[in-house]
2 protein chains.
Amino acid sequence: MTPPARMPSRAVTDISDATLQRFAGYRMKRAFNVIRDDLHLVLKPFDLRMLTYTALVLIVDNPGLRQAQLADAMDVERPNVVVIVDELEQRGLIVRDPAPNDRRAYALNPTPAGEHLCATALTAVERHEERLMAGIDAETRAAMFAGLEAIRRGSDRRVK
Amino acid sequence: MTPPARMPSRAVTDISDATLQRFAGYRMKRAFNVIRDDLHLVLKPFDLRMLTYTALVLIVDNPGLRQAQLADAMDVERPNVVVIVDELEQRGLIVRDPAPNDRRAYALNPTPAGEHLCATALTAVERHEERLMAGIDAETRAAMFAGLEAIRRGSDRRVK
DNA sequence: TATTGTTATACTCTATAACTATA
DNA sequence: TATAGTTATAGAGTATAACAATA
């Protein structure tokens, strides 16, 4: 069963990433790559990317949201939110209403078209999720989610 | 204990991401952002980024590696590996030796300086890892790693 | 024909500084 | 003074096509 030993020059056909496997960052990057690539294909029919999809969902779930709040919720810098909101607005999926009591800000609201696209995309993403998580039992999923949440919350445990 | 109810206009100060929280992609992106930002600061003193650090570790652990194998191990396209290897070579951390039996390819090998920097950076990354995972018990860590590995392996369960 | 490494290129994501108009 | 949104810009990460040398 075991392959013949090749003593002189070690085979580089079987690459070891044992060192990197010890770190959450490496494992998460690899897993996230799979999710990102699949989500990319899933959202393509709706002409949405992960960022525009995330923004749309947040605006649908939180009508009246301001851009600064959206940036904070998405963990993205404010200038980068502008182009995302621009894109959604130009496609008629959301509107920039004037914010009450603050003439500097906008109240982001979904249009009926935006709500419809959001709902349709959401069901596609749910199928994508179930497909990728198919082999993982409920307890492992819960533990994984808890671990990810603990890392996210522990951002005050960062360096500096 | 409960704050006074504000019926007319719902407070948008408390943003709900409940919909997105149901998806592994969102939770992983948020957690990965924390890890990426911290790792960025941790590697900065060594003048390494996540990609160059990962490549260096893989080359140290797999001397004689070819670039195509490195690209595969890093889940990065071959053209993007060229600049990473360029950077490590120009800094004297690795060398591009001729590959035996194939004059097209290179055998990537670490220099003593590369091995030393790799070891030093590794201990810093170990501290970073333990800091970010501090609040997570062993069983949760194991389950999280198992879940991430299952997603990575299940890349054949992708769309198309 | 297929593969290795390469060049060129483009698109996305991310990050910072500086501006305007309001607060 | 500080904040909301904006502009401009630059750096990273990622992806594809096409090429020369070699298998």
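A note on names: the letters A, B, ... follow the listed sequences, proteins ahead of strands, and every chain is numbered from 1.
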Residues within residues 88-109 of chain B bordering DNA chain D, heavy-atom distance below 4.0 Å: B:Asp102, B:Arg103, B:Arg104

SB check A:Arg27 B:Glu129 (cutoff 4.0 Å): no

Interatomic distance, [X] [atom1] vs [N] [atom2] [rounded to whole Å]:
X       : N      : atom1 : atom2 : answer
B:Met50 : C:dC13 : CE    : P     : 18 Å
B:His40 : D:dG11 : NE2   : P     : 13 Å
A:Asn80 : D:dT6  : CG    : P     : 13 Å
B:Leu41 : C:dA15 : CG    : P     : 11 Å
B:Arg49 : D:dG11 : CZ    : P     : 13 Å
A:Asp75 : C:dA15 : CG    : P     : 8 Å

Spacing of B:Met144 atom CE and A:Met28 atom CE [to the nearest 0.5 Å]: 7.5 Å

Minimum-distance pair of heavy atoms, taken over all atoms of B:Ile35 and A:Gly25: CG2-CA, 3.7 Å

Residue pair B:Pro110 / B:Val60: nearest heavy atoms and the distance that separates them: CB-CG2, 3.8 Å

Hydrophobic cluster membership, A:Val82 vs A:Ile94, 4.5 Å side-chain cutoff: no

Connected via hydrophobic side-chain network under 4.5 Å: B:Leu88 and A:Ile15: yes

Using only side-chain N and O atoms of [X], determine if any of them is under 4.0 Å from OP1 or OP2 of [N].
X       : N      : result
B:Gln67 : C:dT6  : yes
B:Arg36 : C:dA15 : yes
B:Arg78 : D:dA15 : no

Bending between helix ends of the helix from C:dT1-D:dA23 to C:dA23-D:dT1 [5 pairs per end, 10° resolution]: 0°

Closest listed nucleotide, where the reference is the side chain of A:Val82 and the choices are D:dT16, D:dG5, C:dT4: D:dG5

Proximity to the side chain of A:Pro79 - top-ranked nucleotide from C:dT7, D:dT7, D:dA4: D:dT7

Anything under 3.5 Å between a donor and an acceptor, one on a side chain of residues 44-51 of chain A, the other on a protein residue two or more places apart or in another chain? List them.
{"unit_1": "A:Arg49", "atom_1": "NH2", "unit_2": "A:Glu87", "atom_2": "OE1", "d": "2.4"}
{"unit_1": "A:Arg49", "atom_1": "NH2", "unit_2": "A:Glu87", "atom_2": "OE2", "d": "3.3"}

Validation row: A:His128, A:Leu132 side chains within 4.5 angstrom (heavy atoms): yes

Side-chain donor-acceptor pair present, A:Asn33, A:Arg36, cut-off under 3.5 Å: yes

